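It should be emphasised that the depicted structure is a prediction, and the values quoted were computed from it without experimental measurement. Positions are given from 1 along the sequence. Just so you know, these numbers use all the heavy atoms, side chains as well, and skip hydrogens, waters and symmetry mates.
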Amino acid sequence: MPTAALALGVFAAVRAGGAAVLALAAWWAGRSPVRVLGHSWDSVWYLAIARHGYGRTQIWPVTGLVQSDYAFFPLYPALVRLAGGGEWGGLLVSWTAAAVAAVGVYRVGELVAGRRVALLLVALWAAVPHAVVLTLAYTEPLLVALAAWSLYALLRERWLLAASLALVAGLTRPTGIAVAAAVSVTALHALLVRRSRGSGRSRAPEVWAAGLLAPAGWLAYVVAVGVHRGDPAGYFTVQRQWGSRFDGGGYALSMTWRVLSGEPVALATAVTAVLLGTALLLAVLLLVDRPPLPLLVYTAVLLVIAVGGAGYFESKPRFLLPAFPLLLPLAALMARARPRSAVVVTAGLAGLGYGYGVYLLVFAKMPL
């Protein structure tokens with residue numbers, strides 16, 4: 001069996017198990033499994049856009065929040081609409097994208113660290129606690145599918161393909177700009193290096209085009225929202241009205257300190273553990289693995305956006321889910337261990353993730 005197919009099989013097995021556990025828990029709690037998987041939290045907004053288009057605003061007088069659906073980027077709802085709309089349409093798009101993403105994550109890992117590490121990278125990515133999002137009607141699977149294949153094309157110096165995928169990724173969700181940043185920064189680096197060496201000028205127009213094209217999708221949506229609202233900063237105003245703003249990580253640090261100080265905060269302990277684990281993995285990635293520039297830029301921008309944003313502390317692990325390169329050091333460590341150890345670690349992590357997903361979506365009913 002080709003290793004990429006094996007990686008897809010491992011991913012499908014881990015995530016199908018999670019979906020089955022979540023569905024059984026929902027059924028036991030008297031809730032529709034399809035509704036839990038396909039109509040929870042942000043999925044409600046995406047499905048409404050797919051059915052009726054943009055224009056919905058929800059006002060919360062107690063908190064002062066004004067939630068407009070212009071906070072959500074258009075690609076996923078458009079695909080859901082093409083898939084027939086409704087919960088099943090959303091799940092079909094997400095599950096298909098998740099499968100494409102798994103193969104893309106494998107290909108990137110294979111190119112950077114070899115087949116064994118790549119296979120374990122996919123297994124770990126499928127098993128982390130917030131990987132439950134990969135089986136819901138959410139945008140993360142679509143973003144990772146586009147990001148992974150754009151990064152793979154970039155590592156192979158297929159500039160225009162990488163930029164085209166980055167452009168489309170920019171229409172998926174706000175963090176899609178991380179893919180564009182990886183393409184544009186890598187393109188600039190390539191141009192500067194080749195200029196200093198006096199080589200590779202024949203490909204300079206292609207590299208320039210890639211660097212300029214990559215952020216076009218993200219910019220187009222931000223500009224379109226600004227034009228619609230008659231405010232150049234209209235998209236950022238929408239985000240601020242949702243309670244989401246960039247504060248350089250001050251809010252995340254304050255919440256982390258509250259948890260470390262022993263203050264009981266719902267779900268924040270688990271989120272803090274994820275953030276501290278992310279910081280550790282980032283340090284190992286930078287000091288030991290020294291990843292290629294595209295992976296470094298992509299991961300760094302994702303972390304800046306996820307950790308630097310104020311509001312919705314509980315959602316930060318989900319925002320970090322697309323940062324799959326962070327798992328490369330752990331996958332490399334597991335690749336040097338006995339196969340039995342790798343299976344035990346993956347199974348244990350998956351079991352923890354299954355329980356966490358059930359708690360979030362069925363019992364706690366907390367936002368992801």
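The shortest distance between side-chain heavy atoms of Gln67 and Thr57 does not fall below 4.5 Å. Residues Arg15 and Val132 have side chains in contact (heavy-atom distance under 4.5 Å, counting atoms from C-beta outward). Proximity of Val34 to His39: side-chain heavy atoms (C-beta onward) are nowhere separated by under 4.5 Å. Side-chain contact check for Phe363 versus Val358: some heavy-atom pair is nearer than 4.5 Å. You'll find the side chain of Ile49 stays beyond 4.5 Å of the side chain of Pro74, heavy atoms only. Side-chain atoms of Trp95 and Thr135, non-hydrogen and from C-beta on, do get closer than 4.5 Å to each other. Counting only heavy atoms from C-beta outward, the side chains of Leu295 and Leu151 approach each other to under 4.5 Å. Side chains of Tyr106 and Thr3 form a contact here, defined as non-hydrogen atoms less than 4.5 Å apart.
Counting non-hydrogen atoms of neighbouring residues, nucleotides and ligands closer than 6.0 angstrom, the CH2 atom of Trp45 exceeds 12 such neighbours. In the displayed structure, Arg51 atom CZ is contacted under 6.0 Å by more than 12 heavy atoms of other residues, nucleotides or ligands. Counting heavy-atom neighbours within 6.0 Å of Arg158 CZ, excluding the residue itself, gives a total of 12 or less. Residue-environment remark: CZ (Arg229) exceeds the threshold of 12 foreign heavy atoms within 6.0 Å.
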Problem set entry | Worked check of side-chain contact (heavy atoms from CB on, under 4.5 Å) between Gln58 and Leu65 | CA-CA 8 Å; Gln58 188 167 309; Leu65 294 180; over 6 Å; no
Exercise. Going through the checks in order, is the side-chain contact (heavy atoms from CB on, under 4.5 Å) test met by Thr172 and Glu140?
Worked result: CA-CA 9 Å; Thr172 305; Glu140 274 74 15; over 6 Å; no
For this session: Applying side-chain contact (heavy atoms from CB on, under 4.5 Å), run through Val179 and Leu146 and close with a yes or a no.
Result: CA-CA 8 Å; Val179 190; Leu146 294 165; over 6 Å; no
For this session: Could you give me the CA-CA distance, side-chain angles and deciding distance for Phe11 and Trp125, then say whether ring pair (Phe, Tyr, Trp, His ring centres under 6.0 Å) is met?
Result: CA-CA 8 Å; Phe11 174 82; Trp125 183 64; 5.6 Å; yes
For this session: Could you give me the CA-CA distance, side-chain angles and deciding distance for Trp218 and Leu167, then say whether side-chain contact (heavy atoms from CB on, under 4.5 Å) is met?
Result: CA-CA 7 Å; Trp218 188 89; Leu167 183 153; over 6 Å; no
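Of all heavy-atom pairs between Ala118 and Gly109, the closest is CB-C, 3.5 Å. Between Ala71 and Trp242, the shortest heavy-atom distance links the atoms CB-NE1, 3.6 Å. Taking all atoms of both residues into account, the shortest heavy-atom contact from Thr299 to Ala323 is CG2-CB, 4.3 Å. Heavy atoms only, all atoms of each residue included: Leu171 and Tyr221 are closest at CD2-CB, 4.4 Å. Heavy-atom minimum distance, Pro294 versus Thr186: CG-OG1, 3.5 Å. The two atoms that bring Ala166 and Val183 nearest to each other are CB-CG2, 3.9 Å, heavy atoms only.
Once rounded to the nearest 0.5 Å, the distance linking CG of Leu333 with CG of Leu327 reads 12.5 Å. Rounding to the nearest 0.5 Å places CZ of Arg173 at 4.0 Å from OG1 of Thr139. Here Thr175 contributes atom OG1 and Leu321 contributes atom CG; the two are 10.0 Å apart, rounded to the nearest 0.5 Å. Separating the CG atom in Leu92 from the CD atom in Glu87 is a distance of 13.5 Å, to the nearest 0.5 Å. Here the CG atom belonging to Leu213 is positioned 7.5 Å from the CG atom belonging to Leu160, to the nearest 0.5 angstrom. A distance of 5.5 Å separates CG of Leu303 from CG of Leu326, quoted to the nearest 0.5 Å.
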Identify each donor-acceptor pair in which a side-chain atom of residues 233-241 lies under 3.5 Å from a protein atom, sequence neighbours left out, and give them as a table.
| unit_1 | atom_1 | unit_2 | atom_2 | d |
| --- | --- | --- | --- | --- |
| Tyr235 | OH | Gln239 | NE2 | 2.6 |
| Thr237 | OG1 | Asp231 | OD2 | 3.2 |
| Thr237 | OG1 | Ala233 | O | 3.1 |
| Thr237 | OG1 | Arg240 | NH2 | 3.4 |

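The aromatic rings of Phe324 and Tyr298 sit tilted, their planes meeting at an angle between 30° and 60°.
Tracing side-chain contacts under 4.5 Å through hydrophobic residues (I, L, V, M, F, W, Y), one reaches Tyr46 starting from Trp88; they form part of the same cluster. Under the 4.5 Å side-chain heavy-atom criterion for ILVMFWY residues, no single connected hydrophobic cluster contains both Val66 and Val225. By the criterion of side-chain heavy atoms lying less than 4.5 angstrom apart, applied directly or through intervening Ile, Leu, Val, Met, Phe, Trp or Tyr residues, Leu75 is not grouped with Val223; the two fall into different hydrophobic clusters. Clustering ILVMFWY residues whenever any of their side-chain heavy atoms sit less than 4.5 angstrom apart, transitively, puts Ile305 in a cluster other than the one holding Phe246. In this structure, Leu82 is a member of the same hydrophobic cluster as Phe73, with clusters built from ILVMFWY side-chain heavy atoms closer than 4.5 Å.
Distance alone, capped at 3.5 Å, is enough to place a donor-acceptor pair between the Ser184 side chain and the Ala180 backbone. Looking only at distances, no side-chain donor or acceptor of Trp159 sits under 3.5 Å from a matching main-chain atom of Gly211. A distance-only check finds a donor-acceptor pair linking the side chain of Arg116 to the backbone of Ala335 [under 3.5 Å].
Judged purely by distance below 3.5 Å, without hydrogens or angles, the side chains of Ser94 and Tyr76 pair a donor atom with an acceptor atom.
Outside the 6.0 Å centre-distance limit, the rings of His228 and Tyr54 are not counted as a close aromatic pair.
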